[in-house]
Protein chains: 2
Amino acid sequence: MTRSSGIDVAVSTAILTLRRTERGVVLSLPLVRRTREPFADRWALPGGWLTATEAPVGAAARTLAETTGLAPSYLEQLYAFGAVDRSPSRVVSIVYWALLRSDQVDAQSAEYRRTGLSPENVRWFDADDLPALAFDHAQIIEYALWRLRNKVGYSRVAQGFLPEEFTLAELREAVETILGRRLDPANFRRQVESSGTLIATDEFRTGNHRPARLYRSSPDAELADRGPLSSEEMSIR
Amino acid sequence: MTRSSGIDVAVSTAILTLRRTERGVVLSLPLVRRTREPFADRWALPGGWLTATEAPVGAAARTLAETTGLAPSYLEQLYAFGAVDRSPSRVVSIVYWALLRSDQVDAQSAEYRRTGLSPENVRWFDADDLPALAFDHAQIIEYALWRLRNKVGYSRVAQGFLPEEFTLAELREAVETILGRRLDPANFRRQVESSGTLIATDEFRTGNHRPARLYRSSPDAELADRGPLSSEEMSIR
DNA sequence: GAGGTTAAAGTCATCATGACCAGAAGTTCC
DNA sequence: GGAACTTCTGGTCATGATGACTTTAACCTC
């Protein structure tokens, strides 16, 4: 039994976030334009190569910061791909999916404006309106969305999209966007209140309606379910 | 941005099955004894190296056959590990988990006896009574068991342990073993009948009791949930 | 044929869910 | 300042799923 003699391991990440557009809140994610073959000029998930001295999840966070400047609030491994026909050369790629809080998107945009570094090669796309993608990244994003929709039913992932304090209506809007259907406000309130994952604050958000109480995530509960190794993976902050 | 310059990619598999022992039915899995460093003489998950010309899932099935002679009825990717301290040399390992039908275990044992090839380095262990394992394989098996217990609630994975035809009591016994608690026979029947995943046959299993109807899995439903790529992964037969 | 054993069908209370209603408490418009 | 409007928030009610339990069926062993 001999060794596999050197395979290149790529790491890439589908960073999902919610953006407020004129069409309402939509799921969207940043893509980077490839500068070299294969698939030059096509859009792809941000990523890079795993180096010899880092863990895969660290490589995902590092390449994410390098290519987009973003630091997600949640990072979880999605799948390891390695079909031989996936690319001309043999590559194994470990794909992660991440959640980004909507306020971090705005902060990043402001940072772009401040530094004048307008990233020509990074652009946000709506998840339901993607361009032609490199490799099989379209399928990968499809799978990431499936995982997200799945998890929103039994975990608190939706809270990973929201800032520290939020109203129940905002949380419900996030869940509605993920699931693609409207939810009854009263029933949603009943469910999330009995789940014990939220802490009520004494602050309220005013607006063209009765003031809505602000909530924050309860600190003890995990954002999603467990991973294989408590040390290596899962929520990074 | 330069390439990662050659990482060895290992593939290993946790093959779960149900064995009938004097303590009743228990979850168990085969382990192989390592013959070289690191962790020489320790027990480990069967596996091998990914070659340049095969898909990871194919490598999992191949190395499984080579080291244990087993061909599982279900094979799904579990996780890709790659912590730098996982082994002296840098290795990324893609771990799969598999289900083996109990009748296949017996067939394999008979084959061993027939060929006289008693595999000194392969042995079955009960999942709740494992020896000291190489690498972090104990944690990996723990995670595989967690995934199994999780999936048994919303999918038909338990049927992957049973032969083609089985009684509801046998299916219930499999689920009970996975979950580690007893289930009400009548309620279990009601649930599984309304789920539509079984087809009733006209045959019965007799015994020291009223005859029990035999069922088979309905062919249209998948054994578990979807994977990322319909072509590459999931159930292999 | 009696007794034992499990299969299979049914009953009942409880809990979660979805649909819906009504009052509360702000803003906006006149 | 008050009416109109909007959404928040607490509540009811019917329905379906679930768990605990009972009853009858049909085989085997003695």
Side-chain angles (χ1 to χ4, degrees), chain A residues 18 20 24-25 149-156 158-159 162-163 165-217 221, chain B residues 20 24-25 149-156 158-159 162-163 165-218 221:
Chain A
L18 297 179
R20 190 168 300 277
V25 174
R149 290 192 201 102
N150 217 256
K151 275 207 166 144
V152 86
Y154 63 86
S155 79
R156 317 183 314 153
Q159 295 173 33
L162 300 178
E165 300 195 333
F166 48 86
T167 68
L168 288 183
E170 289 162 356
L171 179 60
R172 176 171 49 84
E173 189 177 29
V175 174
E176 285 175 343
T177 305
I178 293 167
L179 294 179
R181 62 188 171 93
R182 310 304 302 268
L183 300 173
D184 182 276
N187 293 339
F188 181 81
R189 163 182 305 273
R190 181 178 57 193
Q191 260 181 291
V192 74
E193 272 179 345
S194 69
S195 74
T197 58
L198 291 189
I199 297 174
T201 71
D202 291 334
E203 297 155 87
F204 291 83
R205 175 152 303 159
T206 58
N208 185 19
H209 49 73
R210 171 172 170 178
R213 186 181 290 274
L214 289 175
Y215 292 80
R216 59 176 70 237
S217 295
Chain B
R20 189 169 299 277
V25 173
R149 289 191 200 102
N150 215 254
K151 277 208 165 144
V152 85
Y154 64 88
S155 78
R156 316 183 315 153
Q159 295 172 34
L162 300 178
E165 298 195 334
F166 48 85
T167 67
L168 288 183
E170 288 162 355
L171 179 60
R172 176 171 50 84
E173 190 177 30
V175 175
E176 285 175 345
T177 304
I178 294 168
L179 294 179
R181 62 187 172 91
R182 310 304 301 267
L183 300 174
D184 182 277
N187 293 338
F188 181 80
R189 164 182 305 274
R190 181 178 56 193
Q191 258 182 292
V192 74
E193 272 179 345
S194 69
S195 73
T197 58
L198 291 188
I199 298 173
T201 70
D202 291 333
E203 298 156 87
F204 291 84
R205 176 153 302 160
T206 58
N208 186 20
H209 50 75
R210 171 172 171 178
R213 185 181 292 274
L214 288 175
Y215 292 81
R216 60 176 70 237
S217 295
S218 92

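Proteins get letters first, then strands, A, B, ... in listed order; numbering begins at 1 in each.
Under 3.5 Å, the side chain of B:R210 and the base of D:dC27 form no donor-acceptor pair of N or O atoms. Residue-to-nucleotide contacts include a donor-acceptor pair under 3.5 Å from the side chain of A:R190 to the base of C:dG18.
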B:R172 and B:V192: CA distance, side-chain angles, deciding distance, side chain to side chain contact (heavy atoms under 4.5 Å, CB included) verdict: CA-CA 10 Å; B:R172 176 171 50 84; B:V192 74; over 6 Å; no
One pair to check against side chain to side chain contact (heavy atoms under 4.5 Å, CB included): A:Y215 and A:L171. What are the steps and the verdict? CA-CA 10 Å; A:Y215 292 80; A:L171 179 60; over 6 Å; no
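Put simply, CG on A:L18 and CD on A:E176 are 11.5 Å apart, with the number rounded to the nearest 0.5 Å.
Nearest-nucleotide positions on DNA chain C for A:R181 and B:R189 put B:R189 closer to the 5' end. With the nearest nucleotide of DNA chain D identified for both A:P211 and A:D184, A:P211 has the one nearer the 5' end.
Residue A:R172 is classed as a sugar-phosphate contact, given heavy-atom separations below 4.0 Å to backbone atoms only. The residue A:A186 sits close to a base: some heavy atom pair falls under 4.0 Å.
Atoms CG (B:N187) and P (C:dA9) sit 14 Å apart, rounded to a whole Å. Whole-Å rounding puts the B:N208 CG to C:dT5 C1' distance at 5 Å. Between A:L214 atom CG and C:dG26 atom P the separation is 14 Å, expressed in whole Å. Here the C1' atom of nucleotide D:dA20 and the CZ atom of B:F188 are 17 Å apart, to the nearest Å. Between A:H209 atom NE2 and D:dT9 atom P the separation is 9 Å, expressed in whole Å. Atoms CD (B:E176) and P (C:dT6) sit 13 Å apart, rounded to a whole Å. Straight-line distance from the CG atom of A:L183 to the C1' atom of C:dC20: 16 Å, rounded to whole Å. As a whole-Å value, the separation of B:L179 CG from D:dG19 P is 11 Å.
Applying the 4.0 Å criterion to OP1 and OP2 of C:dA16, one finds that A:Q191 has every side-chain N and O outside that range.
Proximity of a side-chain donor or acceptor of A:E170 to a complementary backbone N or O of A:T167 within less than 3.5 Å is detected.
In the set D:dC28, C:dA8, D:dT6, C:dA8 carries the atom at the smallest distance from any side-chain atom of B:R213.
A side-chain hydrogen bond (donor to acceptor under 3.5 Å, both in side chains) with A:E165 is found for one member of A:R205, A:R213, A:R216 and no other, namely A:R216.
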